[in-house]
Amino acid sequence: AAAGMLSCDASFSIIFSPTTDESKRALHISNIERLLTSKCYDVRLYATKSFKKRIWSKVDELLSDTSVEGHKRAAFLSPVCAMLVRALRSEMERENSKGGLAPHPPTLRRLSRCAVECLSAYRSLCECPSLPVGETSAEELWEMVMNMRELGRMEIEDEESGAGTRLAGNAVELLALILSSATFCPTDENDAVLNKVSDFFRALLQSTDPSLYWMVRHSAAVAVGTSGILRDDFLDTFGGEEPDLKQLKLKSYLCVLTFLQDSDEDVRNAAGRSLSSTLGENSLIDHNVMPHLPLMELEVTYKRVGERHHGSDLTLCLLSSILSECRNAPSKVDLALTEFSYSERCQDVSNLLNLSSKRKIFEAEDSNPFSEPLVTCQLSASILGQSSLRVCNKEMLDVMEELTSKCSVIVGTIKARASEKVGYDKDVAHNLTWSNEIFPSFHGLLLGSIVSVYLGCRSPDTIVNDARDLLSALGENGQRSVHPCILEALLVLSSASAGNDSTKDGLFKACFLVPSLCMPSSL
């Protein structure tokens with residue numbers, strides 16, 4: 001094992017040196033491949049560790065060495081990339097060997113990381129659209145990487161070390177590299193192309209889970225830019241008229257929006273760079289500056305999504321995102337009322353011991369504290385307000401109905417309290433609209449209801465009349481006690497109507513966090 005590690009370390013510098021003779025480089029690459037595919041477990045393991053330890057610094061050094069032309073540096077990397085792909089295939093094929101040995105996930109993780117770094121560097125140095133993967137066919141490569149990712153996902157469930165999660169992340173980056181290259185040939189049947197893009201999208205979607213190891217999410221944020229799936233010319237490669245591919249492209253954009261609100265700064269920065277590279281020269285995002293201004297980055301991206309993807313698919317996705325953020329609003333109101341009841345009925349302040357049976361001693365940890373539901377709802381509502389769509393399908397109408405019904409429940413609760421409780425307008429401490437837990441979701445439901453009425457939901461008079469009745473029950477003094485942002489949204493909802501310009505203007509004004517998006521335009 002020690003000899004293998006030392007041998008790999010000695011050959012490493014030679015294969016990346018611009019001054020090395022080609023025959024000598026080929027010999028040392030062959031030596032490293034024998035070590036990486038050795039039948040001896042220890043030799044294979046320590047050789048892989050030795051190779052990976054220096055890969056980042058050596059690749060960075062090669063990329064920054066402008067004294068050698070880019071295509072020549074790419075030529076140095078080409079046989080190394082092919083060797084690493086062969087080593088990966090050899091490790092994956094151990095499962096089918098007669099000895100019954102399964103692939104070793106840590107070794108796969110290290111080899112796949114080396115392959116990602118070398119293939120990415122080759123791609124940036126060489127204008128050639130194909131990847132140097134040796135004699136491995138595109139189908140074999142795709143199937144191998146998909147199997148590698150499944151192995152990584154199994155490791156996520158079995159281990160807490162994170163090794164499996166990083167393997168799954170590396171596999172997503174390899175899938176992106178294949179998609180972006182001529183290795184992935186669009187001359188296949190449309191169904192085969194769609195299946196591969198669908199596989200990649202599912203990998204992206206599963207990687208948005210905030211509970212995953214951060215490096216998996218980072219890999220997916222990098223991969224979405226590498227794949228080119230967000231680029232304008234991506235669909236042109238496949239004829240440009242495939243509706244299923246268009247929908248997958250839209251959903252991939254929405255995955256990027258999730259990464260832009262990730263709890264890890266590196267993931268957010270990677271998503272910003274992917275967007276910047278995707279938008280090209282027309283990009284409004286400077287990835288050297290924008291990652292420090294995530295809200296501005298989100299505004300630019302939502303606006304771009306609205307410009308490029310319009311119609312029922314986008315409308316349904318945005319309405320569903322509002323509903324997802326506000327789905328638990330009624331239960332939050334019930335919990336708040338239970339807690340309020342202890343202090344509202346208490347005559348002696350010394351008896352307040354916070355003994356609510358509904359309160360958990362240890363609240364469930366927020367898996368992504370950086371994500372702001374209020375921002376997501378306002379971004380979605382502002383884009384929907386600019387939509388010219390007036391024909392809603394059943395699925396959209398069902399989402400609108402659920403939004404308005406949940407909003408009606410909370411509006412009715414506040415109305416009952418305003419009507420029955422003496423001194424309601426003076427008791428700000430027990431005012432639901434000022435609760436930190438309730439404000440974001442209730443404001444989101446109000447915006448969702450305004451959008452639903454504006455786009456033409458079922459029975460719009462119900463929610464509009466509920467808003468009017470609440471304002472009437474509050475009276476002038478009661479309205480002063482309501483949170484001003486909630487009051488503004490209620491006033492807009494109380495006079496909302498389908499396709500009305502005043503309703504749209506009021507909606508934009510209520511989206512106080514994203515004023516730059518609220519400009520008149522038609523999607």
task: Please name the pair of heavy atoms, one in R110 and one in T48, separated by the smallest distance, quoted to 0.1 Å.
output: CB-CG2, 3.4 Å
- prompt: Is V172 close to F200 at the side-chain level, that is, under 4.5 Å between some pair of heavy atoms?
  reply: yes
- request: Count the heavy atoms of every other residue, nucleotide or ligand shown that sit under 6.0 Å from CD of Q206, and state whether that count exceeds 12.
  value: yes
message: Please enumerate all residues that pass side-chain hydrogen bond (donor to acceptor under 3.5 Å, both in side chains) together with N436, with sequence neighbours excluded.
response: none
message: Would you call the rings of F512 and F439 parallel, tilted or perpendicular, taking 30° and 60° as the class edges?
response: tilted
message: Please check: side-chain N/O of E91 versus main-chain N/O of P103, any donor-acceptor pairing under 3.5 Å?
response: no
message: Run the side-chain contact (heavy atoms from CB on, under 4.5 Å) test against V222 and tell me which residues pass, sequence neighbours left out.
response: E173, H218, T226, A270
- line: Rounded to the nearest 0.5 angstrom, the CG-OG1 distance for D209 and T258 is 11.0 Å
task: Give a yes or no on whether the backbone of D262 and the side-chain of R268 come within a donor-acceptor separation of less than 3.5 Å.
output: yes
task: List the steps, then state whether side-chain contact (heavy atoms from CB on, under 4.5 Å) holds for S274 with L230.
output: CA-CA 9 Å; S274 290; L230 304 182; 5.7 Å; no
field: SB check D199 K196 (cutoff 4.0 Å)
entry: no
- request: Report yes or no: does N393 contribute a side-chain atom to a donor-acceptor pair with the main-chain N or O of M396 at less than 3.5 Å?
  value: yes
- prompt: Under a 4.5 Å cut-off applied to non-hydrogen side-chain atoms, are L177 and Y122 in contact?
  reply: no
message: Set out, in order, the CA-CA distance, both residues' side-chain angles and the distance that settles side-chain contact (heavy atoms from CB on, under 4.5 Å) for T315 and L455, then state yes or no.
response: CA-CA 10 Å; T315 302; L455 295 179; 3.9 Å; yes
task: May I have all residue pairs that pass salt bridge (Lys or Arg N to Asp or Glu O under 4.0 Å) and include part of residues 47-56, sequence neighbours excluded?
output: D9-R54
message: For a quick test of reading the model, state the closest non-hydrogen atom pair linking L323 to E402 and the distance between them.
response: CD2-OE1, 3.4 Å
query: Any side-chain heavy-atom pair from L125 and H71 closer than 4.5 angstrom?
result: no
What pairs of donor and acceptor atoms, side-chain ones from residues 77-86 against any protein atom, are under 3.5 angstrom apart with sequence neighbours left out?
from : atom 1 : to  : atom 2 : distance (Å)
R86  : NE     : E33 : OE1    : 3.4
R86  : NE     : E33 : OE2    : 2.9
R86  : NH2    : E33 : OE1    : 3.0

message: Can you confirm whether L384 sits close enough to I322 that some side-chain heavy atom of one is under 4.5 Å from a side-chain heavy atom of the other?
response: yes
- prompt: For T37 and R44, does a side-chain donor sit closer than 3.5 Å to a side-chain acceptor?
  reply: no
query: Judged by atom type as modelled, is there a donor-acceptor pair below 3.5 Å linking the side chain of S64 to the main-chain atoms of D60?
result: yes
- line: Of all heavy-atom pairs linking F259 and A271, the shortest is CB-CB, 3.7 Å
- request: List for me each residue that meets side-chain contact (heavy atoms from CB on, under 4.5 Å) alongside L205, sequence neighbours excluded, and say none if there are none.
  value: F201, T208, C255
- line: Taken in chain and number order and not counting sequence neighbours, the residues that satisfy side-chain hydrogen bond (donor to acceptor under 3.5 Å, both in side chains) with S120 are none
query: For E69, what residues pass the salt bridge (charged side-chain N to carboxylate O under 4.0 Å, His left out) criterion, not counting sequence neighbours?
result: none
- request: Please name all residues satisfying ring-ring contact (aromatic ring centres under 6.0 Å, His included) with F16, sequence neighbours left out, ordered by chain then number.
  value: F12
task: First locate atom CD of E325, then atom CD of Q378, and finally report the distance between them rounded to the nearest 0.5 Å.
output: 12.0 Å
query: Ignoring hydrogens and geometry, is there a side-chain-to-backbone donor-acceptor pair from S321 to L318 under 3.5 Å?
result: yes
- request: Kindly write out the residues that satisfy salt bridge (charged side-chain N to carboxylate O under 4.0 Å, His left out) with K58, not counting sequence neighbours, or none if the list is empty.
  value: E61
statement: Sorted by chain and residue number, the side-chain contact (heavy atoms from CB on, under 4.5 Å) partners of C317 (sequence neighbours excluded) come out as L250, L254
- request: Any chance you could lay out the side-chain contact (heavy atoms from CB on, under 4.5 Å) test for C511 and L447, step after step, and finish with the verdict?
  value: CA-CA 8 Å; C511 296; L447 294 180; 4.2 Å; yes
Closest contact, heavy atoms only, K249 versus I229: CG-O, 3.3 Å
side-chain contact (heavy atoms from CB on, under 4.5 Å) evaluation trace for R273 with N269: CA-CA 6 Å; R273 286 191 293 271; N269 291 351; 3.7 Å; yes
field: F76 CZ to C118 SG distance, which is reported to the nearest 0.5 Å
entry: 14.0 Å
Those residues that, when tested against R34, pass side-chain hydrogen bond (donor to acceptor under 3.5 Å, both in side chains) (two or more places apart): S30, N31
task: Could I get the full list of ring-ring contact (aromatic ring centres under 6.0 Å, His included) partners for Y41, not counting sequence neighbours?
output: H104
message: Do L175 and W142 make a side-chain contact, defined as non-hydrogen atoms from C-beta onward lying under 4.5 Å apart?
response: yes
field: Inter-residue atom distance L379.CG - Q261.CD, 0.5 Å rounding
entry: 7.0 Å
statement: Closest heavy-atom pair, C326 versus C377, reported as atoms and distance to 0.1 Å, is SG-SG, 3.7 Å
query: Rounded to the nearest 0.5 Å, how far does CE of M144 lie from CE of M92?
result: 7.5 Å
query: Say you draw a straight line from OH of Y46 to SG of C40; how long is it, rounded to the nearest 0.5 Å?
result: 11.0 Å
- request: Heavy atoms only: give me the nearest R217-L212 pair and the separation to one decimal.
  value: NH1-O, 2.5 Å
